[in-house]
Amino acid sequence: MNVFTIFTDRVKEAIGKCALTARDGSELDLSRVIVEPPRDAAHGDLATNAAMVLSKQIGMKPRDVAEKIAAQLIEDKDIDRVDVAGPGFINMALSDDFWRGLVVSIVKAGKDFGRCNLGGGDKINVEYVSANPTGPMHVGHTRGAVLGDCVANLLDFAGYDVCREYYINDAGAQVDVLARSAFLRYCEALGDDIGTIPDGLYPGDYLVPVGEALAKEHGDKLKKASEEEWLPLVRAFAVDAMMEMIRGDLAALNVEHDVFFSERSLIHGDKDRVKEAIDWLADKGQVYVGTLPPPKGQLPDDWEDREQTLFRSTAFGDDIDRPLKKSDGSNTYFANDIAYHFDKFKRGYSKQVDILGADHGGYVKRLKSAVAAITEGKGGLEVKICQLVNLMRNGEQLKMSKRAGNFITLRDVVEEVGVDAVRFMMMYRKSEVTIDFDFAKVTEQSKDNPVFYVQYAHARTASIFRQAASEVPHLAVGIEDLVNADLSGINDELELALIRKLSEYPRIVEGAAETQEPHRVAFYLYDLAGYFHAVWNKGKEMPQLRFINVKDEKMTLARLALVQAAANVISSGLGLLGVSAPEEMR
RNA sequence: GGCCCCUUAGCUCAGUUGGAUAGAGCAGCUGACUUCUAAUCAGCAGGUCGCAGGUUCGAAUCCUGCAGGGGUCGCCA
């Protein structure tokens, strides 16, 4: 169904028939031969680099090779015209009938158009969000959440068996701080005057109900207990409450996970999996006790030279070996993370993707080296780093401070601008560049806002069908009717351009899945919507091009098929981004 | 100082893994609404792809160096 892969095969077939041989007598290497849309539409529908890629192997000039291949290609009934151009490009123009037939295929394929088998059913694990369970999700988390969700959607569509996973960081010092903060609220709920929240504890009001719930469940029992006794209890309770809140936040963003994995369970589960992982590495000689050189440049104030347990990550491409134990003997975050990635590998995910924030950029090398070591090169990890989001209002940056408690939450944003706009805007940018997210602009339901532009195009497709139902009510326009429509009358330039654009969708999806770059889908949709709007508007100047023509039901049905194809692709693409495809804009 | 990311039109950004004459949107200018919902469309104008080398048939894209911006650098996660 992907036009470009279909013709890549046909080009390779044609090369086979040309009796071209490599200079050294070996088989021709066709791996770099590709068929793409030419940059300039005037060059035709498809272009291949075959001649340029092969000329060196064959020992002929690119243009001469091109001429030979071209002579074969012109035999193809779907190819109308073949030209050799520039340094040796072979440009092909496909027959209008081929393009018209494609509309029928898209309508037939329905929701499956664009699906591919890149993954071949392989298991892949995508870990995203993994925000600390110490408070509500803020805007900073939003981008990673949407990115991870869209990447997972893409991989699923591209034929992977995807697991969406959230790693709950419930083992470190932060959750102890959370417990103490919740305990304070518990005392407050029992009537104590707690005054201002001390530095170092979480001040947010969201812990008030947690304190109240604790008071309800335990009365004043915990106050009489020692911290050693109440802390694990309160911690578990507070973490559960925070996770429930975070799940709610994620739900508001239409983000779902299959697995919530507890960091604590690695250590305090049936066995100590962190120790297990480290022992395993030690067995392989990748763990040792030694000292690290201090960082270059400015030396930290409290630097002391100290022996520690280190993982030999430099053996796997890292710049420096990495500590596994803190000075108090507990595990570093990294040590636990090694065990976690080991666990994912043992669960069958030889392919893993982690979505991390920009502040974790320095963590990527050690993570990759850990996965390389622990899977003995059999497991692969891709790390996507996503940059910060600058929240703006009317061109001015909003300053946030978690300590002052005035940070803007994910909920705030979703409530103000809506989930569709948030998600689309987050994906309307490469993940590695910072986003200026201006409330004023995103809220304004207007031209400055691409999400409405795309949704409007979809709404218009629905509008046409509503219109058809009222103007030509007896005309049957079910999928079977559209599939059997006679499309021979569709020959306007803009209509054919729209069909060509639709044909690119599978290729866009495949590229986006391969590179884990959902923004490609967003940009494609914007582009596609433009083609659709153009066809719509042309019907105003030239009434014979209107989708609905009461006097010509054959043409109407043909155009409805085209509209249906466009609707399929737009709603499919928006679906991958987790954005709704509305029937009307209200 | 080490490592990672970014630098493309006045502004915000794409650029199909190295292809042909580098593209959108916004802002500016000219036009199209008794509509298939104009939340749209047609057109004009706008460029030393940060700078300098290198690799090759061919570079915004790959390599090296430099400049500017951001992130990060043992016991935070």
Side-chain angles (χ1 to χ4, degrees), chain A residues 4 34 36-40 42-43 47 49 52 55-56 61-62 85-89 91 130-132 134 167 169 171-174 263 291-298 300 302-304 306 308 310 318-320 322-323 325-330 332-334 336-337 357-365 385 387-388 428-430 432-436 438 441 444-450 452-453 455-457 459-460 463-468 471 504 507-508 511-512 514-515 519-520 522-524 526-527 529-530 532-541 546-548 563 584-586:
Chain A
F4 303 94
I34 50 169
E36 299 179 300
R39 183 160 297 199
D40 188 340
H43 293 135
N49 61 353
M52 290 175 291
S55 68
K56 207 174 255 179
K61 285 184 191 160
F89 283 104
N91 295 324
S130 300
N132 283 344
T134 55
Y167 182 49
N169 301 135
Q174 294 303 315
E263 179 184 7
T291 57
L292 284 177
K296 296 267 163 55
Q298 216 176 2
D302 56 347
W303 177 267
E304 54 172 309
R306 187 170 75 70
Q308 46 190 345
L310 299 167
D318 202 355
D319 308 311
I320 196 168
R322 303 291 178 174
K325 297 279 182 196
K326 299 182 195 173
S327 52
D328 68 358
S330 62
T332 57
Y333 180 81
F334 178 52
N336 292 352
D337 223 2
D359 51 341
H360 292 68
Y363 195 63
V364 176
K365 278 190 183 176
I385 291 292
Q387 271 295 343
L388 309 171
Y428 200 59
R429 203 115 309 180
K430 287 191 291 208
E432 56 274 358
V433 304
T434 56
I435 296 182
D436 287 337
D438 195 316
K441 280 187 187 164
E444 189 187 349
Q445 304 204 343
S446 73
K447 46 202 167 180
D448 217 11
N449 197 337
F452 294 109
Y453 183 82
Q455 288 186 316
Y456 184 42
R460 275 181 155 177
S463 155
I464 292 161
F465 277 93
R466 283 194 296 271
Q467 194 70 27
E471 284 189 30
E504 288 177 24
R507 188 179 129 78
I508 297 294
E514 242 170 4
T515 54
H519 75 272
R520 295 188 187 201
F523 279 97
Y524 167 77
Y526 186 85
D527 203 17
F532 182 76
H533 287 310
V535 173
W536 173 295
N537 271 73
K538 199 166 177 185
K540 285 186 174 183
E541 294 159 34
R546 292 164 75 95
F547 295 113
I548 298 168
V563 171
E584 53 183 341
M585 304 294 280
R586 288 294 174 215

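Chain naming here is simple, since letters A, B, ... match the order of the sequence lines and numbering starts at 1 in each. No experiment lies behind these values; they were computed from the predicted model shown.
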Under-4.0 Å side-chain N/O to phosphate OP1/OP2 contact, [X] with [N]:
| X | N | value |
| --- | --- | --- |
| A:Y524 | B:A24 | no |
| A:K326 | B:A77 | yes |
| A:K538 | B:C41 | no |

Side chain of [X] only, heavy atoms from C-beta on: which candidate in [options] is closest?
| X | options | answer |
| --- | --- | --- |
| A:H533 | B:A14, B:U40, B:A77 | B:U40 |
| A:N49 | B:A77, B:U72, B:G19 | B:G19 |
| A:E432 | B:C5, B:U40, B:A20 | B:C5 |
| A:Y456 | B:A77, B:A24, B:A39 | B:A39 |
| A:V433 | B:C41, B:C6, B:G25 | B:C6 |

Under 3.5 Å, which protein N or O atoms sit close to an N or O of nucleotides 15-18 of chain B? Give each pair with its distance.
| unit_1 | atom_1 | unit_2 | atom_2 | d |
| --- | --- | --- | --- | --- |
| B:G15 | OP1 | A:H519 | NE2 | 3.1 |
| B:U16 | O2' | A:R507 | NH2 | 2.7 |
| B:U16 | O2 | A:R507 | NH2 | 2.5 |
| B:U17 | OP2 | A:E36 | OE2 | 2.8 |

Practice item. Would you indicate what A:A173 reaches in the nucleic acid, counting non-hydrogen atoms under 4.0 angstrom: base, sugar-phosphate, or nothing? Key: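 The residue A:A173 makes sugar-phosphate contact but no base contact.
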
Review point. Which part of the nucleic acid does A:I464 contact within heavy-atom distance under 4.0 Å: base, sugar-phosphate only, or nothing?
Key: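 Base contact.
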
Check your understanding: Does any donor atom in the side chain of A:N132 or A:Q174 lie under 3.5 Å from an acceptor atom in the other side chain?
Key -> no

Exercise for review: Consider only side-chain N and O atoms of A:R520 and A:Y524, and report whether a donor and an acceptor are under 3.5 Å apart.
Suggested key: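 No.
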
Exercise for review: Check if the side chain of A:N537 and the base of B:U40 share a donor-acceptor pair of N or O atoms closer than 3.5 Å.
Suggested key: yes

Exercise for review: May I ask you to verify whether the side chain of A:N91 and the base of B:A20 hold a donor-acceptor pair under 3.5 Å?
Suggested key: yes

Check your understanding: Does A:Y526 stack onto the base of B:A24, taking stacking as ring centres under 5.5 Å apart and planes under 30° apart?
Key -> no

Exercise for review: Name all stems that contain residues of RNA chain B, defined as runs of 3 or more consecutive Watson-Crick or G-U wobble pairs, both distances under 3.5 Å.
Suggested key: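 RNA chain B forms these stems: B:1-7 with B:67-73, B:10-13 with B:23-26, B:28-32 with B:40-44, B:50-54 with B:62-66.
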
